[in-house]
> 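Encoded as structure tokens, here's the structure I'll be asking about.
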Amino acid sequence: MMARSRPLAVAVLTVTIAACGAEDGRHDIVIANGVVIDPESGLFARMNVGIRAGVITTISEEELEGERVIDAVGQIVSPGFVDLHEHGQTEEAYALMVRDGVTSAFELEVGTGDVAAWYADRQGGQIVNYGVSVGHIKARMDVLGDPGAGLLPVGVGGFGSATEEQVVAMEAIIRRGLDEGALAVGFGSAYTPGAEMSEIERMFALAAEYGASAHIHMRGGLAGLDSTLSAALHVGAALHIVHVNSSAGAAIEAFLAAIQAAQEADQDVTTETYPYGAGMTEIQSALFDDWEGWPDERFQNHQLVSTGERLTRETFARARREGGTVIIHGRSEEMTRAAVGSPLTMIASDGFIENGRGHPRTSGSYSKVLGRYVRDEQLLTLRDAIAKMTIMPARRLEARAPAMAKKGRIQVGADADITVFDPVTVIDHSTYMDATIPAEGILYVIVGGELVVDDGRVTDARPGRPVRAPLR
Ligand SMILES: [Zn+2]
């Protein structure tokens, strides 16, 4: 088990030992002359990195031999980014997010109701590593008989209240998913207004029993945050508040203060943000149940993803009937900056894309933080930004999935999941009209020791493997 924060002197010692042990042979891949950043050890220096059989075997100032040597002069060599919130779990989405530097993409908020089938569907190998939670939303849709075919309830699964018998049936689904190796338990109390906090707390208790974190898209603003924190504390569940930026809105400073206070009181609670002022969700979800009472001017903040058009009362009504995905504009840049700049937040994309239509956060979250907020605006340091993208999300899952202790790090013995980017040019280009424009400046991405992005292009390699908790 690696120490939580290792002093720099120890890291340098590790490097020296590794260099001595590397004389016995060549490497599959060498990343030469880049500036290596490992947020756990504090390493931030020009080094050569050697990879063999999917593992980082050498980190050295000495020149290394390899089958393939990548000259990374002027580039940053970072652990691959670990995204805890990615709904796009398809080749189309993986191909975009990997060009944004993501090497592990996990669907932990909504999750699935059938963990074994979810992993089986992807076992042929993917571009990036993948993983899933078992979801309370899905369990509730199933037990209450919601007619929705997408990610979220469109009827009784959202607003219905559950009998004791139905809550027990949901518990059985969650328990089976955890037995099958779910990485976490997912919740969307904002999408299930019919679920009382006592029901949510019952599922939190299962997460606690299995050492899994509860990832929740919570409801109800600051008061909702309070009741969510209390319920998790009551049953000893590790809590992860997803996209604090969108759940808090204008109350972002108060949200962050409440989470920090809970941490200071030793509660296991973490959070994440994506770096955009607009959200995205399904138009038939419970978030819009009060739409008929909105003032006319509110509709234009809503952009239909399928066409890019801004909505009116009439077109909103039609889309609500027919279904689809909608982007919701409205948060200020100051709110986004408060969330991205906070030391509490991990970066997570909340990405989704289908048939070329989606939110730009799918393809630009990480490059936007690195290019705009680190380089151009100096809102946070490069070192801190990389920690938010790598070691912080890796640690969140380590108690449940010990394999995560080898990710989010550039260390000898760690998995060779590595992102190489140019700090001078890295930037996002995707937009609310076209979310398929790839990020720029992320030239090499390695997953499990294989190049999945080579000189900016996605390769044919599919080394991405399941990340899963031990089966029971
Ligand atoms: Zn989400």
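For ligands, and for the atoms within them, numbers begin at 1 and follow the listed sequence. What you see below is based on every heavy atom in this structure, not just the backbone, and it leaves out hydrogens, waters and symmetry mates.
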> Protein N, O or S atoms at less than 2.8 Å from the Zn ion (ligand 1), how many?
4
> With a 6.0 Å cut-off on ring centres, are Tyr432 and His329 close enough?
yes
> Going by heavy atoms in the side chains, are Thr325 and Ile283 under 4.5 Å from each other?
no
> Answer with yes or no after comparing the ring centroid distance for His302 and Trp291 against a 6.0 Å cut-off, counting only values under it.
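Not close enough - the centres of the two rings lie 6.0 Å or further apart.
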> Would you indicate whether His234, at its atom NE2, is surrounded by more than 12 heavy atoms from other residues, nucleotides or ligands within a distance under 6.0 Å?
no
> Is there a side-chain contact between Val467 and Met404, using heavy atoms and a 4.5 Å cut-off?
yes
> Can you confirm if the aromatic rings of Phe187 and His215 lie within a centre distance of less than 6.0 Å?
no
